[in-house]
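Keep in mind the model is a prediction, meaning the values are calculated, not measured. For the single chain, residues carry numbers from 1 onward in sequence order. Whatever order the structure lists ligands and atoms in, that order sets their numbers, starting from 1.
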Amino acid sequence: MANTRCRCRARPVTFLCHRLLHFLSTRRLRRRRLRLTTTTATGHEAESPAKSAAAEQRDAAGDDAAVAGKYWAQRHSLFALYDRGVQMDAEGWYSATPEAIAAAQAARAPRGSLVLDAFAGVGGNSIQFAARGCRVVAVEIDPRKVELAAHNARIYGVEDRIEFVVGDFFRLAPSLKADSVFLSPPWGGPSYRQAQVYSLDMLKPKDGFKIFQAAQKISPNIIMFLPRNVDISQVEQLSWLSSPPLDFVKVIVNLSICNNNIGIPAVVLQSEESYVEHRLKGITAYFGGMAQEVQKQEQNCF
Ligand code: MGP
Ligand code: SAH
């Protein structure tokens, strides 16, 4: 359905620097500034004449113009059905997981399982988990985004498999149950690229360790979508947060970790680079049963 190809490779991570290209494209895109508003399928902007203070603030951010132009160009790779009326907001434009990547991430979850999408945004990941045949609880703090996500889910015909919850993941976490948890938290906006190495402390609204710990209380089977410049050694450390502490041995490439078979539930870390049209978009880290699933699927490839 998408004319976008996604290549997800489980391999040691190499950091690709696009900053020069990005700088050049940013200058060009600034000139073609598109306002960041809810946008309809026809490309007409559905912005109300009296812009909210929050919208004004967003528009004021220098990066936003470039982001809007850039992501408008990428709209069909973000949502292949964009032209059927998918709706976005400012943050949605730069945060939605490109559809082919979201589908590849969802393919790691067993069909019929219950997935918690803790930071659901405008629905990019929830929709693909539901399309995979999973049941989804989609938590999102911004009520407007929940409306957009529910609308987008209807376009994909998967709304009956997603339960949308408006709320703060950290407050809701103790009462949530799921077979696996998907984490795609805010990275701090498009300026995440300016960090030479992105530290997990830079994730929002809490640092990556706290986010991971909250998820771990729900399930050890976790998928995390992270910036391509993330400090991979920190990602590896996340799997050591288990209590009681686990012994690990490294298996498969240098990023896969499993327990040493002493009777402690396996915690496995796999990470893969997620590409769209040969462009590295982010790093997907798989933990626990999700990582085992990745290993199984990778082995079946050979
Ligand atoms: P990007 O790096 O801003 O775009 O985002 P691109 O086109 O790769 O940039 P360039 O440097 O090649 O020009 C890439 C992808 O990362 C987006 O499509 C989103 O899926 C994801 N992403 C980006 N941001 C800023 C966020 C964020 O704040 N939160 C989450 N969850 N994902 C983000
Ligand atoms: N994966 C999504 C994008 C997620 S962007 C997609 O493909 O569409 C991260 C989202 O986390 C933002 O929409 C933001 O509003 C939301 N968020 C931020 N803090 C949150 C919190 N405490 N609880 C739940 N959602 C939160």
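Heavy-atom contacts of Lys145 reach the following atoms of ligand 2: 13 (O) (cutoff under 4.0 Å). Below 4.0 Å from some heavy atom of Gly123 lie the following atoms of ligand 2, by number and element: 8 (O). The distance from ligand 2 to the heavy atoms of Ala96 drops below 4.0 Å at these ligand atoms: 6 (C), 7 (O), 8 (O). Close approach of ligand 1 to Thr97 is summarised as follows: ligand atoms under 4.0 Å from at least one heavy atom of the residue are 20 (O). The contact set between ligand 1 and Arg279, taken as ligand atoms under 4.0 Å from a residue heavy atom, comprises 10 (P), 12 (O), 13 (O). Of all the atoms in ligand 1, the ones that sit under 4.0 Å from a non-hydrogen atom of Ala96 are 17 (C), 18 (O), 19 (C), 20 (O). Short contacts between ligand 2 and Gly121, defined as distances under 4.0 Å to a heavy atom of the residue, involve ligand atoms 13 (O). In the vicinity of Ala118, heavy-atom distances shorter than 4.0 Å reach the ligand 2 atoms 24 (C), 25 (N). Interface atoms of ligand 1 facing Gly189, defined by a heavy-atom separation under 4.0 Å, are 25 (C), 28 (O). Counting the atoms of ligand 2 from 1 in the order shown, those under 4.0 Å from a heavy atom of Ser184 are 1 (N), 4 (C), 5 (S), 9 (C). Distances below 4.0 Å separate heavy atoms of Phe225 from the following atoms of ligand 1: 20 (O). When each atom of ligand 1 is checked for a heavy atom of Arg228 under 4.0 Å away, the hits are 2 (O), 8 (O), 9 (O), 10 (P), 11 (O), 12 (O). Distances below 4.0 Å separate heavy atoms of Pro98 from the following atoms of ligand 1: 18 (O), 20 (O). Using a 4.0 Å cut-off to heavy atoms of Lys281, the atoms of ligand 1 that qualify are 6 (P), 7 (O), 8 (O), 14 (C), 15 (C), 16 (O).
Heavy-atom separations between Gln74 and ligand 1 include at least one value shorter than 4.0 Å. By the 4.0 Å heavy-atom criterion, Pro185 is counted among the residues contacting ligand 1. Heavy-atom distances between Gly167 and ligand 2 reach below 4.0 Å in at least one pair. By the 4.0 Å heavy-atom criterion, Tyr71 is counted among the residues contacting ligand 1.
Residue Asp142 has no nitrogen or oxygen atom sitting less than 3.5 Å from a nitrogen or oxygen atom of ligand 2, judged on distance alone. Among the atoms of Ile141, some N or O lies under 3.5 angstrom from an N or O of ligand 2. Taking distance alone, with nitrogen or oxygen atoms compared against 3.5 Å, Asp168 approaches ligand 2 more closely than that limit. Every N/O-N/O distance between Ser95 and ligand 2 stays at or above 3.5 Å. By the 3.5 Å distance cut-off applied to N or O atoms, Pro186 is not counted among the residues near ligand 2.
For the residues Gly92, Pro205, Ala149, Gly124, the heavy atom positioned nearest atom 6 (C) of ligand 2 is part of Gly124.
The backbone N or O of Ile141 sits nowhere less than 3.5 Å from a side-chain atom of Asp168 that would complete a donor-acceptor pair. Side-chain N or O atoms of Arg132 include one that pairs as donor or acceptor with a backbone N or O of Ala107 at under 3.5 Å. Proximity of a side-chain donor or acceptor of Ser77 to a complementary backbone N or O of Gln74 within less than 3.5 Å is detected. Between the side chain of Asp117 and the main chain of Val136, no donor-acceptor pair closer than 3.5 Å is present. No side-chain donor-acceptor contact under 3.5 Å links Gln128 to the backbone of Ala106.
At least one side-chain heavy atom of Leu200 sits less than 4.5 Å from a side-chain heavy atom of Val230. Taking the side chain as every heavy atom from C-beta outward, Phe209 and Leu203 never approach each other to under 4.5 Å.
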